[in-house]
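Note sheet for the following structure.
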Protein chains: 2
Amino acid sequence: MARRTKAEAAATREALLDAAEEVFLEKGVARTSLEQIARHADMTRGALYWHFRNKADLFQAMLQRVRMPFQELVEEIGDPSVTERPLEAIRLACLKGFERLEQPRYRRVHAILIHHCEVFGDIDPLAMQNEMAEEACGALIDYCGCAARLGHLRPGLDPEVAGELLQAMLGGLFHDWLRNHERFSILERGTLLLDTQLELMRAPASG
Amino acid sequence: MARRTKAEAAATREALLDAAEEVFLEKGVARTSLEQIARHADMTRGALYWHFRNKADLFQAMLQRVRMPFQELVEEIGDPSVTERPLEAIRLACLKGFERLEQPRYRRVHAILIHHCEVFGDIDPLAMQNEMAEEACGALIDYCGCAARLGHLRPGLDPEVAGELLQAMLGGLFHDWLRNHERFSILERGTLLLDTQLELMRAPASG
DNA sequence: CCTTTTACATACACCCTTGTATGGATGACG
DNA sequence: CGTCATCCATACAAGGGTGTATGTAAAAGG
């Protein structure tokens, strides 16, 4: 075998990550050996151990490709006026998130993180999920607080509870869909449920 | 070592299941060997292989101790008049569920099923979660449909969407809490969120 | 063009785990 | 009270996975 050029080496790395996604999703992280991943990418463990220190390192690199914090989604909307309509900001950011999740890579990696891996090595998936949940919930509560101050929230509805409600609902939908994505479209049902929920929480006809 | 009496043997079996719960929860199902479980129960693998065929069999027996279908919770309310107040039936059944989840055994086993195990052997935890979700969601939609026919639901709110909304919210809360139960009380926050959500979905003051 | 480094493939040693086979002591039972 | 099935411990064989060490041919770089 010959040494590859830098571009080929980078491609090898990506191929290994792609292979890891597929095998992890199919057989679970714990039950897949590095040998299986390497073979699935038409490589050997030698290549894998050159690009990554071990399975945990490979796993983290895999996650690195699909980071998607809530605040980033809000900024991606590109409309500065959404600050004045916080509930709409939530809505558009979630729609952005749904769209991303329909991309195979995002869906697969998140499904692995949520449903197909346990603690191993120095990796704690639950801690990562906690971080994601905290970040999202915090942002949602902030936006709900903002909405409350602007009078956009139904009177009597505590903004913190509203944020937690949204986070719980979105998280539940997220988990359900990732369990088997063929049951329904996250974009369709997500839009329907989110719009319904926001409508329930919105202040009635502010004539 | 001497042979035990039947009662002692049954106690051994329970002790092995208890040990499995604790070790599974701490280290994950895949990363725990049968040796570790046996030692944690002050036994050897011999005892384990006598009571269970393998890890999958042990796992299923562990789940068997905490079955909790939604319909069973409704029946446990013991008030036949709840049929006339479906939203109240949902509320009381969920409260029953919250209370059960605060028992260590129920909490631990569900946490293992949701967050600490992958597919292994002929066991597919996701299929089990799917069954649980389907059962709960179906029941919730039924009750919401009943509520709609009785005019208890906010006009314009599709009962199927209402059921899915409840299931997503409860599921999200469930997952969040099982991730680390020390953050909040499932009974307290669950009651708060559920009451808030039901209030949002309820038909306004039917004077 | 020569040297060095890169990007892998191959080979090796080690440990952990599983399943089963065997042993043995005693409760259950007639 | 003797026999048998039970309940569990111990021993054994086998396989699979990990990490590392070594080999190597070509790309990088001067």
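Note that the coordinates shown come from a computational prediction; the quantities given were computed from them, not determined experimentally.
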What is the distance, rounded to the nearest whole Å, between atom [atom1] of [X] and atom [atom2] of [N]?
X	N	atom1	atom2	answer
B:L16	D:dC7	CG	C1'	12 Å
B:W50	C:dT26	CH2	P	18 Å
B:E8	D:dC8	CD	P	8 Å
B:F52	C:dG19	CZ	P	14 Å
A:N54	D:dG19	CG	P	6 Å
B:E14	D:dC7	CD	P	14 Å
B:R45	D:dC8	CZ	C1'	13 Å
B:R53	D:dC7	CZ	C1'	19 Å

Whether B:H181 and B:W177 hold their rings parallel, tilted or perpendicular, with breakpoints at 30° and 60°: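 Plane angle over 60°, so perpendicular.
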
Minimum heavy-atom distance between B:L25 and B:A111, given as atom pair plus value: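 Result for this residue pair: CD1-CB, 3.8 Å.
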
Contact summary for B:L150 and B:T83, nearest pair of heavy atoms: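 Nearest pair, atom of B:L150 first, then B:T83: CD1-O, 4.5 Å.
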
Does atom [atom1] of [X] have more than 12 heavy-atom neighbours, drawn from other residues, nucleotides or ligands, at distances under 6.0 Å?
X	atom1	result
A:E26	CD	no
A:R100	CZ	yes
A:E188	CD	no
B:R65	CZ	yes

Contact residues, residues 20-42 of chain B to DNA chain D [heavy atom, < 4.0 Å]: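 None - not one residue of the stretch has a heavy atom sitting under 4.0 Å from the strand.
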
Which atom pairs link the protein and nucleotides 28-30 of chain D when you take only N or O atoms and keep those under 3.5 Å?
residue: D:dA28; atom: OP1; partner: A:T5; partner atom: OG1; Å: 2.7

Any donor-acceptor N or O pair under 3.5 Å, side chains B:S81, B:R85: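 Looking only at side-chain atoms, B:R85 and B:S81 do form a donor-acceptor pair, the distance falling under 3.5 Å.
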
Short side-chain N/O contact from A:T44 to OP1 or OP2 of C:dT10, under 4.0 Å: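 For C:dT10, neither OP1 nor OP2 has a side-chain N or O of A:T44 closer than 4.0 Å.
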
Side-chain N or O of B:H51 closer than 4.0 Å to phosphate OP1/OP2 of D:dC8: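 It does, given that an N or O in the side chain of B:H51 lies less than 4.0 Å from OP1 or OP2 of D:dC8.
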
Closest nucleotide among C:dA9, C:dT20, D:dC8 to the B:Y49 side chain: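 Selected nucleotide (nearest to the side chain): C:dT20.
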
Criterion side chain to side chain donor-acceptor pair (under 3.5 Å) on B:Q197 and A:Q197, from CA distance to verdict: CA-CA 9 Å; B:Q197 182 68 16; A:Q197 182 69 18; 2.9 Å; yes

